[in-house]
Amino acid sequence: MVDNVQEQVEGDNSDRAAHLLSNQQVSPDERYVQLMTTALDTCRTYKPRFGKGVGSGLTLSEFKALYGTDPFYHWIGLDSPLMYAAHKAAGGITSVYRQVGIGCQRIFHQMLQDYLGLSPEEATWSYVVGSRKLSLDGRIETDDVKKPEVKERIREWMEGAGRIANLPEHTLQHNIKGCVFEIRQGYKSKDSKRQNADIANAANAYVHGYIPVMMLFSTQIDGDLMRRYKEHHWVVLIGKTTGSATESSYAFCRDVIGYDLARFFENYSPRIKAHIESILKTLLSPQ
């Protein structure tokens with residue numbers, strides 16, 4: 001869980017993202033670039049907290065005061081600025097991965113609106129368990145898609161995906177009205193609590209008539225994790241540039257949604273790389 005200051009920073013960036021989405025003068029591709037870079041900008045202000053609970057983190061001078069006045073840490077050299085830089089880099093890299101994931105979520109959610117004609121509400125799915133409201137990152141319900149040819153290719157994809165997920169034919173033909181998406185940049189965590197929550201999401205998705213889809217923008221997923229998700233009837237798409245639309249995230253975006261997301265990243269790679277390199281330089285500097 002992030003602290004209040006981090007929430008404030010992310011809230012500010014969410015406001016910036018909302019402004020981008022409302023700006024009709026910006027092309028879809030430019031909007032997607034800015035959705036990613038805006039999410040990443042959160043990382044620039046990261047500072048390690050050194051066990052000091054909530055707050056914005058410690059500056060280098062505050063770190064020196066904290067560790068420099070600790071006799072043991074001072075004796076063995078843990079009050080070195082290099083130690084601060086190492087903490088800042090380690091925590092900052094975790095933040096980079098997290099914000100890349102948020103950027104991916106925002107891009108995909110906007111793609112559903114731009115290329116399938118869905119409203120923000122139609123492209124979002126949530127459900128309530130007890131007092132908690134849980135949500136996934138995207139939704140396609142066939143009845144919400146206006147163009148007949150697009151609706152048909154989505155139905156064809158769902159039939160193929162449902163069979164890969166080992167759905168009974170009767171369920172596939174009579175109980176499925178769409179699909180819902182969990183969007184991630186990659187997935188290597190062995191956190192069983194997170195996995196169990198995803199499995200519960202899948203069960204609830206099927207109860208509501210949706211095929212659950214795990215879409216990764218990268219190829220980074222542990223093989224055991226992929227097997228477990230597939231055993232619980234998730235459709236798992238990974239970020240490879242080859243394969244069918246029931247295997248590849250980029251083939252799905254191109255052939256089903258109608259947008260070549262791989263080409264977008266290829267075209268804008270220099271710009272996004274430069275942005276990330278700038279952030280990494282900031283994180284690797286102790287100042």
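Bear in mind the structure is a predicted one, so any value in this text is a computation, not a measurement.
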For residues [X] and [Y], determine if any side-chain heavy atom of one lies less than 4.5 Å from a side-chain heavy atom of the other.
X	Y	answer
Thr59	Lys47	yes
Ile107	Ile183	no
Asp41	His275	yes
Met215	Glu182	no
Arg228	Asp224	no
Ile93	Leu280	yes
Pro28	Phe264	no
Thr69	His74	no

Working to the nearest 0.5 angstrom, can you tell me the gap between [X] [atom1] and [Y] [atom2]?
X	Y	atom1	atom2	value
Cys179	Ile211	SG	CD1	6.5 Å
Gln113	Phe108	CD	CZ	11.0 Å
Lys230	His232	NZ	NE2	15.0 Å
Arg106	Asp137	CZ	CG	11.5 Å
Tyr250	Thr241	OH	OG1	9.0 Å
Asp79	Asp70	CG	CG	9.0 Å

Is there a path of hydrophobic side-chain contacts, each under 4.5 Å between heavy atoms of I/L/V/M/F/W/Y residues, joining [Y] to [X]?
X	Y	answer
Ile164	Leu237	no
Leu78	Phe63	yes
Trp75	Leu82	no
Tyr97	Ile279	yes
Leu172	Ile140	yes

Carboxylate-amine/guanidinium proximity below 4.0 Å for [X] and [Y]:
X	Y	answer
Asp114	Arg31	yes
Glu231	Arg227	no
Arg163	Glu169	yes
Asp198	Arg184	yes
Glu30	Arg271	yes

Test item: [X] side-chain N/O and [Y] main-chain N/O as donor-acceptor pair under 3.5 Å:
X	Y	value
Asp260	Arg254	no
Thr219	Gly239	no
Thr246	Ala161	no
Thr42	Ala39	yes
Lys146	Asp144	yes
Thr142	Lys177	yes
Thr171	Leu167	no
Lys88	Ser285	yes
Glu122	Ser119	yes

Which heavy atom in Leu58 sits nearest to a heavy atom in Lys52, and how many Å separate them?
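Heavy atoms only, the tightest pair is CD1-CG, 4.5 Å.
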Which heavy atom in Gly92 sits nearest to a heavy atom in Tyr46, and how many Å separate them?
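Result for this residue pair: N-CE2, 3.4 Å.
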Steps toward side chain to side chain donor-acceptor pair (under 3.5 Å) verdict (Arg44, Ser278):
CA-CA 9 Å; Arg44 292 188 188 278; Ser278 170; 3.0 Å; yes
Going by atom types alone, do Thr124 and His109 pair a side-chain donor with an acceptor below 3.5 Å?
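A pair is found: one side chain offers a donor N or O, the other an acceptor, under 3.5 Å apart.
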Between Glu247 and Ser244, is any side-chain donor less than 3.5 angstrom from a side-chain acceptor?
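Yes - a donor-acceptor pair under 3.5 Å links their side chains.
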The test is side chain to side chain contact (heavy atoms under 4.5 Å, CB included); show your working for Ile154 and Ile257 and say whether it passes.
CA-CA 8 Å; Ile154 291 170; Ile257 294 180; over 6 Å; no
Could you check whether atom NZ of Lys133 has more than 12 heavy atoms from other residues, nucleotides or ligands sitting under 6.0 Å from it?
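No.
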Let's go through Cys104 and Met36 carefully: what are the C-alpha distance in whole Å and the side-chain angles of both, what is the deciding distance for side chain to side chain contact (heavy atoms under 4.5 Å, CB included) to 0.1 Å, and is it a yes or a no?
CA-CA 7 Å; Cys104 294; Met36 177 62 77; 4.0 Å; yes
Going by ring pair (Phe, Tyr, Trp, His ring centres under 6.0 Å), name the residues that satisfy it together with Phe252, two or more places apart in sequence or in a different chain.
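Phe252 satisfies ring pair (Phe, Tyr, Trp, His ring centres under 6.0 Å) with Trp157, Phe181 once adjacent residues are dropped.
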With sequence neighbours left out, write down each residue that passes ring pair (Phe, Tyr, Trp, His ring centres under 6.0 Å) with His87, or none if nothing qualifies.
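If we apply the ring pair (Phe, Tyr, Trp, His ring centres under 6.0 Å) test to His87, skipping adjacent residues, the hits are Phe50.
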Which of these passes ring-ring contact (aromatic ring centres under 6.0 Å, His included) with Tyr32: Phe265, Phe217, Tyr268, Tyr259?
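Testing Tyr32 for a ring-ring contact (aromatic ring centres under 6.0 Å, His included) against Phe265, Phe217, Tyr268, Tyr259 leaves exactly one candidate, Tyr259.
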Residues clustering with Tyr229 (ILVMFWY side chains joined when closer than 4.5 Å, directly or via others)
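Trp125, Tyr127, Val129, Leu134, Leu136, Val180, Tyr187, Tyr210, Met214, Leu216, Ile221, Leu225, Met226, Trp234, Val236, Ile238, all in the cluster of Tyr229.
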Is the Phe72-Tyr67 ring centre distance short of 6.0 angstrom?
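That pair fails the under 6.0 Å test.
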